[in-house]
Amino acid sequence: KLFNHYGIQTPLCSYYQHNQLKSGEKLLSKLMAGQDIALISDAGTPGISDPGGQLVKMALGKGLEPIVIPGPCAGIAALVVSGLPTARFVFEAYLPHRKKARRERLAELKTVEKTLVFYLSPHRLMDELTDIYLALGEREAVLAREITKRFEEIARKPLSVLIDSVKEGKIRGEYTLVLAGREQQVAEVKSERELEKLLLDLISKEGLSKKEAVARLAKEQKIPKKEIYKIGVKLCLS
């Protein structure tokens, strides 16, 4: 689209995950013959969570020296506008597709004190956000999509609140999640049994009504009211 807009006639060819070896060899042969090529992308920086890194490796293997021209990168852009610490961070990119592997990887990140940056697929967005919350607990979070583009959206909320807002909205495009590290953590998420006990104590020991107890516990634990209400329903509280 950009080439058409400016009337650029430079030949184009595709280079993506499923043709990276075959197409990569053709591109390298052009370089070896003295031609210049440019690897470009319409979605972020080539080489960051895409096959561009493989082409760079192949070029280096041939004794060629790639030249980089900095461009947009969703992970860095989201980190910069997040308001969370940027001096030290962990870029996780995409989490494993399989739930077991994903949860194992998240368990390894639980004690990381640096800001965490994830790329999230729209097809697994709710599953991944839920797994992140269950593994890492409540944290300050920023969810961004379409940065620098027409439909840019950036939401800054506690992770549990963010999940609720995603449930109520439309999921479109790729997302970037920036999450506070452990030392910036708001609170550890409590188990359902612990929440049940806290809710019962507020009602039986402090004499609060069910509605008052739910509101107070939700505020103290930074958990959506409806989640606490569900626990009250299970306990058959009237």
Side chain to side chain contact (heavy atoms under 4.5 Å, CB included), that's the test. Do Ile228 and Leu199 meet it? Break it down for me.
CA-CA 8 Å; Ile228 303 298; Leu199 187 61; 4.2 Å; yes

Looking only at heavy atoms, what is the nearest atom pair of Leu129 and Val166, with distance?
CD1-CG2, 4.1 Å

Sequence neighbours excluded, which residues qualify as side chain to side chain donor-acceptor pair (under 3.5 Å) partners of Glu108?
Arg105

Any salt bridge between Arg145 and Glu153, counting N to O under 4.0 Å?
yes

Spacing of Leu109 atom CG and Ile132 atom CD1 [to the nearest 0.5 Å]
9.0 Å

Could you report the tightest heavy-atom contact between Leu202 and Leu217, atom names first, then the distance?
CD1-CB, 4.0 Å

Here the pair of heavy atoms bringing Thr86 nearest to Phe89 is O-CD2, 3.6 Å

When rounded to the nearest 0.5 Å, the distance separating OH of Tyr133 from OG of Ser160 is 5.0 Å

Nearest atoms (heavy-atom pairs only) where Ile147 meets Ala77:
CG2-CB, 3.9 Å

For Arg216, all residues meeting salt bridge (charged side-chain N to carboxylate O under 4.0 Å, His left out), sequence neighbours excluded
Glu206, Glu220

Treat each ILVMFWY residue as a node, draw an edge where side-chain heavy atoms are under 4.5 Å apart, and state whether Leu12 and Leu39 are in one component.
no

Quick one: closest heavy-atom pair of Phe151 and Glu146, and the distance?
O-CB, 3.6 Å

Joint cluster assignment, Leu79 & Tyr94, ILVMFWY side-chain distance < 4.5 Å
yes

I need the His97 NE2 to Arg124 CZ distance, nearest 0.5 Å.
3.5 Å

Do you reckon Leu198 sits in the same ILVMFWY cluster as Val214, going by side-chain contacts under 4.5 Å, direct or chained?
yes

If we check side chain to side chain contact (heavy atoms under 4.5 Å, CB included) with Val178, which of these qualifies: Val81, Val80, Leu84?
Leu84

Between side-chain atoms of residues 57-76 and protein atoms elsewhere (two or more places apart, or another chain), which donor-acceptor pairs fall under 3.5 Å?
none

Hydrophobic clustering (ILVMFWY, side-chain heavy atoms < 4.5 Å, transitive) - are Leu27 and Tyr16 grouped together?
no

For Asp201, all residues meeting side chain to side chain donor-acceptor pair (under 3.5 Å), sequence neighbours excluded
Lys197

Apply side chain to side chain contact (heavy atoms under 4.5 Å, CB included) to residues Leu162 and Ser165 and explain how you reach the verdict.
CA-CA 5 Å; Leu162 199 61; Ser165 65; 4.2 Å; yes

In short, Ala135 meets Leu106 closest at the heavy-atom pair CB-CB, 3.6 Å

Establish whether Val90 and Leu177 are linked, either directly or via other cluster members, by ILVMFWY side-chain heavy-atom contacts under 4.5 Å.
yes

I'd like to know if the side chain of Thr45 and the backbone of Ile48 have a donor-acceptor N/O pair within less than 3.5 Å.
no

Under 4.5 Å between any side-chain heavy atoms of Pro46 and Ile40, yes or no?
no

Taking the ring centre of each residue, are Phe91 and Tyr119 less than 6.0 Å apart?
yes

So, does Asp164 use its side chain to make a donor-acceptor pair with the main chain of Val161 at under 3.5 Å?
no

Just to verify, what does Ser29 make a side chain to side chain contact (heavy atoms under 4.5 Å, CB included) with, not counting sequence neighbours?
none

Sidechain-backbone polar pair: Ser49 side chain, Ala93 backbone, donor-acceptor under 3.5 Å
no

Set of residues satisfying salt bridge (charged side-chain N to carboxylate O under 4.0 Å, His left out) with respect to Glu174, sequence neighbours excluded
none

Compare all side-chain heavy atoms of Leu179 with those of Thr115 and state whether any distance is below 4.5 angstrom.
no

In this structure, OG1 of Thr176 is separated from CG of Leu143 (nearest 0.5 Å) by 8.0 Å

The reported gap from CD1 in Ile37 to CG in Leu31 (rounded to nearest 0.5 angstrom) is 4.0 Å

Passes salt bridge (charged side-chain N to carboxylate O under 4.0 Å, His left out), Glu227 versus Lys230? Steps please.
CA-CA 5 Å; Glu227 297 301 322; Lys230 289 178 184 177; 3.6 Å; yes

Residues Tyr229, Lys211; criterion side chain to side chain contact (heavy atoms under 4.5 Å, CB included); working and verdict:
CA-CA 8 Å; Tyr229 180 78; Lys211 183 178 181 180; over 6 Å; no

Heavy atoms from other residues, nucleotides or ligands near NZ of Lys99 exceed 12 (cutoff 6.0 Å)
yes

Is the shortest heavy-atom distance from the side chain of Met126 to the side chain of Thr130 under 4.5 Å?
yes

Using a 3.5 Å distance criterion without hydrogens, assess whether the side chain of Glu25 forms a donor-acceptor pair with backbone atoms of Leu21.
no

Glu140 CD to Leu159 CG distance, which is reported to the nearest 0.5 Å:
9.5 Å

Please lay out, stage by stage, how Tyr15 and Gln54 fare under the test side chain to side chain contact (heavy atoms under 4.5 Å, CB included).
CA-CA 11 Å; Tyr15 179 79; Gln54 177 64 26; 3.9 Å; yes

